[in-house]
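Taking it in order: structure first as structure tokens, then the write-up.
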Amino acid sequence: MSKRRFVMEFERPLVELEEKLLELRRIDAAALTPELAMEIDTLAAEVDRLHASLYRDLGPWEKVQIARHPDRPKTQDYVDALFEDVIELHGDRAFGDDEAMFAGLGTIAGRKAVVLGHRKGKDIKENIRRNFGQVHPEGFRKARRAMALAGRFGLPVVSFLDTAGAFPGIEAEERGQAWAIAECLATLSDLPVPVVVVGIGEGGSGGALAIGFGDRLIMLENAYYSVISPEMCAVILHKDAAKAAEAAGCLSLTAADLARLDLADEVLPEPVGGAHRDPAQVIEAVGVAVGGALDALATTPADRLVAERYARLRRIGHVVGESGTTGT
Amino acid sequence: MSKRRFVMEFERPLVELEEKLLELRRIDAAALTPELAMEIDTLAAEVDRLHASLYRDLGPWEKVQIARHPDRPKTQDYVDALFEDVIELHGDRAFGDDEAMFAGLGTIAGRKAVVLGHRKGKDIKENIRRNFGQVHPEGFRKARRAMALAGRFGLPVVSFLDTAGAFPGIEAEERGQAWAIAECLATLSDLPVPVVVVGIGEGGSGGALAIGFGDRLIMLENAYYSVISPEMCAVILHKDAAKAAEAAGCLSLTAADLARLDLADEVLPEPVGGAHRDPAQVIEAVGVAVGGALDALATTPADRLVAERYARLRRIGHVVGESGTTGT
Amino acid sequence: MPISEWFKAREDRRYTSLDPSAPKTDVPDGVWEKCPSCKHIVYAGDLEHTDGVCPHCGHHFELTAPERVGTLADEDSFAEMDADLISGDPLSFTAAKPYTVSVATARESSGLSEAIVTGRATLGGHPVVLGVMDFRFIGASMGSVVGEKVARAFEVALAERRAVIMVTASGGARMQEGMLSLMQMAKTAAAAERLASAALPYIVVLANNTYGGVTASFATLGDVVLAEPGAMVGFAGPRLVEQATKLSLPKGFQTAESLVEHGMVDAVVPRAELRETLTALLGYLTLGGAS
Amino acid sequence: MPISEWFKAREDRRYTSLDPSAPKTDVPDGVWEKCPSCKHIVYAGDLEHTDGVCPHCGHHFELTAPERVGTLADEDSFAEMDADLISGDPLSFTAAKPYTVSVATARESSGLSEAIVTGRATLGGHPVVLGVMDFRFIGASMGSVVGEKVARAFEVALAERRAVIMVTASGGARMQEGMLSLMQMAKTAAAAERLASAALPYIVVLANNTYGGVTASFATLGDVVLAEPGAMVGFAGPRLVEQATKLSLPKGFQTAESLVEHGMVDAVVPRAELRETLTALLGYLTLGGAS
Ligand SMILES: [Zn+2]
Ligand SMILES: [Zn+2]
């Protein structure tokens, strides 16, 4: 990589040691005293030790940081690598085309599908155009239009989640952010085709959920999916955004948490340090998982798909003192 | 009427004579010579003669002027007078609420219905708010939403036409004026409930048609319905808007023309001079006609309604050299 | 606690549907309240007669769920459902205070088992399932129990061919149940969609204030969506929008009135006309819905 | 005149679908054209090889209906329908000149019977009904015959379970047939809606320029709506908008590219990729449509 390496907060102690080591190793061989050489050896061993421990048993907050890593593979990377004959479909037919939302047709492992996904940019310029992956109502309405197309023509839906959340802007509110999300939820709920969702990065609240539930939920190991951002949760609980790490721990937002809560069907491991360390490998694993899910769902009749999706949703929730029969 | 009487172009010769007569009659009895008295009698007879002839056999252009008369009863007058328990429904659920389009629920002669209509204002202030009855895309989308509601809940649709046309504005174009109209047409075409349309004033092109076809078309005698405004037609044909009268004659846009072309099912007579001379009578006649149409359609099963509406549309058009069988 | 017990437990809080002669609001006789809108000091006894509408400026005070049920359901018609459903603590959520404590406190102070009360009722003679949220219960946030009760409300209506009326107020999804709360959005929207597919009517009344996961799920999916005057409704709260955009908010932002202008709400209906309007709407929307 | 005769009658105008070795465009060899976009002088022979796209700037020259059929339909696959349908003069419309004269002149100069050519074809192997409008015929305005041919196109597709592809260009409804023209909007939209109800695919290609009653009816009802680069598309024409609003129009107003930005069009597809894109789309949309 030619550009400067992006350092996540929790990596800083390691990176500082690495830089110190690099500096010591730049010392001219002639000036190298035995003491210095020993120090270098010690430091190198420490770096190795820290490297090994740091990325083992990452906490929720560390995973959130990895999920947000700017070099993490994005929806576009998955679309480009996994799908052939991609035709992007633009616009909501009412107001605009939201570049924070991808909608299109594509073929994965021979299966034709409608593809949806939140779109973050690769650099600041693209991020501004894509509003950092934060969708406006017209983006959700575009997604809904693509869902309807999928339903009409019997195409399964593959959806990639990677957003901090729906955009909390003035115009987004005025154009009915909540309405647009709710309509996506209703449409997804009885779409008569398989819906496979992949959490590839951030899964921020309603903005993720709008294209974020279906018949299978596949999560990357370090992707998160949460009812609220850890920062905002920390503000509400402690009036202190700095306590986001603690909040992240409370929210059960990691892929492993989702599997434990029976929400995720599959968790795909990432390379040590995160998906950005080896995007090709991760993308391939996602391709295999999506292909498998589509294969498994392909033969289910539409009405059973919809009935099972509803049953799946109906099971979600933790209720005690439950009455034996519904509503009586 | 306390406000100054609105004079239509074609009424001017009559109004000038009337004013002259009024002036003569103001002359002091003492100053009245026998010659003057005779002149007054002659003038009065002339006024009577002109009055009788002017409003008999009105030409298309005169009818267009009557259809545009500011005191002509408007959608709101019909809704207020003919419907009970009116609940207005606002908004398109995507962008805005267009005050140039009425959509709501109402009960006419015991029959519950969805009511639509273009809305002109009573004065300049209301006209600005209602954009002079010229609808934006959000107005058509609101109408479409109300149509869908009618379809879902088995409510017939009663629609009042009174617009110079869809608004030809920059934002109206940008928000998809054509798309919004087309979607109305598609939705109306297979709505599984009776659709009764009443031409009460102007029927300007696509903006009227968007809520302007169905199972019955009732036209007021001086209402018009046209593919293009006479003025714009004149510009295209003669590069001269002043030749609108001539263009109006070419376009077959009067209620009588529509009946002749088999497009209108019923033409309701207006008082001499136009509906504004006796709104209550005209509104009542419309109520009777709408009630009759709803009664007649009430027992038709939904699928037959839709099939007959399609057949009705398919018959429209004048084609020669027609092949015997469809498309072969 | 089932609402019936709640009624019994609080002799000073009774509703027209139970005892028309009793006072309607929670405020004890003789107490004065300051209207947040016009700043007038209002006698609580007067608020009882107006169903919580300020006699000076028309400001709509928030109603508790039982109060709201009293203003809407036909007399003696309300039969609560699922009153025994109670929140668990699936995430063992403990931050400032344990979630279990928050729930216990809310139950104690509100006298309700959860943030929504649902039940069969008639409204103007029409059979409905009525759901009413209560902001006093952890900001009427939607966790598993709210989601479950909403879903069951739609399912009962579907099975018995009733209309559904939801009076909403909520701060959003309940963060203490994490992703389980978020998924209640999908669950409730799915249940509403099934009702819609059966062409049964669903009417929403957005009350002050309705935000987040509730607005972005079942609360905006009504065939008709009404709002109370002055109700604040949105997805992201005004403070968040201000922070995120560094812009000052336009006048009337997220008020019911501006939502009508922006095409999101069918009508703003004053509380005094709400019952009548709902009755009329049910008359229109059930006509063909049963066919 | 059926298109087959038209092909025979004009030996100098042939299309890939009939004779791949023959030149494709209407311009005789050796003639030069000035590109309206880049002002380059373009050799007509070059335009033949590019299907009418300027080799200097990519400007898309308008194609005649037969040319367009040639660029899209599989070789020898196009079988025209309803070529014998001809306009009457239902209103006896006579203004600057009689309508009958306008029609006769248009037939003579275009060699077409009306402003749209429709027919069965295959496109990339997919069975379709293809409709192509031709601006030379009274501005490709929609009167009774255009409406009838469009409606029949949808009906044939419905009966034979084909996809429909419409390549549009039009000044709008044909005023010389008055209300009969306006009603063709409803008729064509109704026919498109019936195809949609049967889940058969309908794809539109908006070509320069498409306005008025055609845009506001079948031309915008496609499952997928594509547009050619630089195509001008709208309801009201730019001059009318300027007159009505007294405002200067924004840059790019009503261009295909701005329509994508405003959410109205799925994609702008260069002519060189159009056939391939349509083939791919048909592959996607027919998959489950037949079930
Ligand atoms: Zn007050
Ligand atoms: Zn050029």
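So you know, we letter chains A, B, ... as the sequences are listed, proteins then strands, and number each from 1.
B:Gln177 contributes no side-chain N or O that, together with a main-chain N or O of D:Gly234, makes up a donor-acceptor pair within less than 3.5 Å. Under a 3.5 Å cut-off, the side chain of B:Glu173 and the backbone N or O of D:Phe235 do form a donor-acceptor pair. For D:Ser144 (side chain) and B:Gly317 (main-chain N/O), no donor-acceptor pair under 3.5 Å exists by modelled atom type.
Atom CE of D:Met179 sits about 5.5 Å away from atom CG of B:Leu263, to the nearest 0.5 Å. To the nearest 0.5 Å, atom CE of residue D:Met175 and atom OG of residue B:Ser229 are 10.5 Å apart. In this structure, CE on D:Met185 lies 10.5 Å from SG on B:Cys184, to the nearest 0.5 angstrom. Separation of atoms OH (B:Tyr310) and CD (D:Glu155) is listed at 3.5 Å; rounding is to 0.5 Å. Rounding to the nearest 0.5 angstrom, the gap separating the CD atom in D:Gln176 from the CD1 atom in B:Ile228 is 9.0 Å. Rounded to the nearest 0.5 angstrom, B:Asp257 CG and D:Leu91 CG are separated by 8.0 Å.
Using a 4.5 Å cut-off between heavy atoms, B:Leu188 does not touch chain D at all. For chain D, the nearby parts of B:Tyr225 are the backbone and the side chain; heavy atoms of each come within less than 4.5 Å. Using a 4.5 Å cut-off between heavy atoms, B:Ser226 touches chain D through its backbone atoms (N, CA, C, O) alone. In this structure, chain D has heavy atoms under 4.5 Å from both the backbone and the side chain of B:Ile316.
Of all non-hydrogen atoms in D:Lys187 and B:Leu313, the two that sit nearest each other are CD-O, 3.1 Å. Pairing each heavy atom of D:Ser217 with each of B:Leu185, the nearest pair is CB-CD1, 4.1 Å. D:Thr215 approaches B:Ala182 most closely through the heavy-atom pair O-CB, 4.4 Å.
Each of D:Ala173, D:Gly213, D:Gly147, D:Ala191 has some count of heavy-atom pairs under 4.5 Å with chain B, and the biggest count is that of D:Ala191. Chosen from D:Glu114, D:Gln184, D:Lys97, D:Gln243, the residue pairing most often with chain B at heavy-atom distances under 4.5 Å is D:Gln184.
At most 12 heavy atoms of other shown residues, nucleotides or ligands fall within 6.0 angstrom of atom CZ in D:Arg239.
For the pair B:Ile170/D:Leu249, a side-chain contact is recorded, criterion being any heavy-atom separation below 4.5 Å from C-beta on. You'll find the side chain of B:Arg314 reaches within 4.5 Å of the side chain of D:Arg152, heavy atoms only. Residues B:Trp179 and D:Leu259 are in side-chain contact: their nearest non-hydrogen atoms beyond the backbone lie under 4.5 Å apart.
The side-chain contact (heavy atoms from CB on, under 4.5 Å) test with B:Val319 is passed by exactly one of D:Asp84, D:Asp82, D:Leu85, D:Ile86: D:Leu85.
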Derivation of the side chain to side chain contact (heavy atoms under 4.5 Å, CB included) call for D:Met183 and B:Leu209: CA-CA 8 Å; D:Met183 295 305 292; B:Leu209 186 68; 3.6 Å; yes
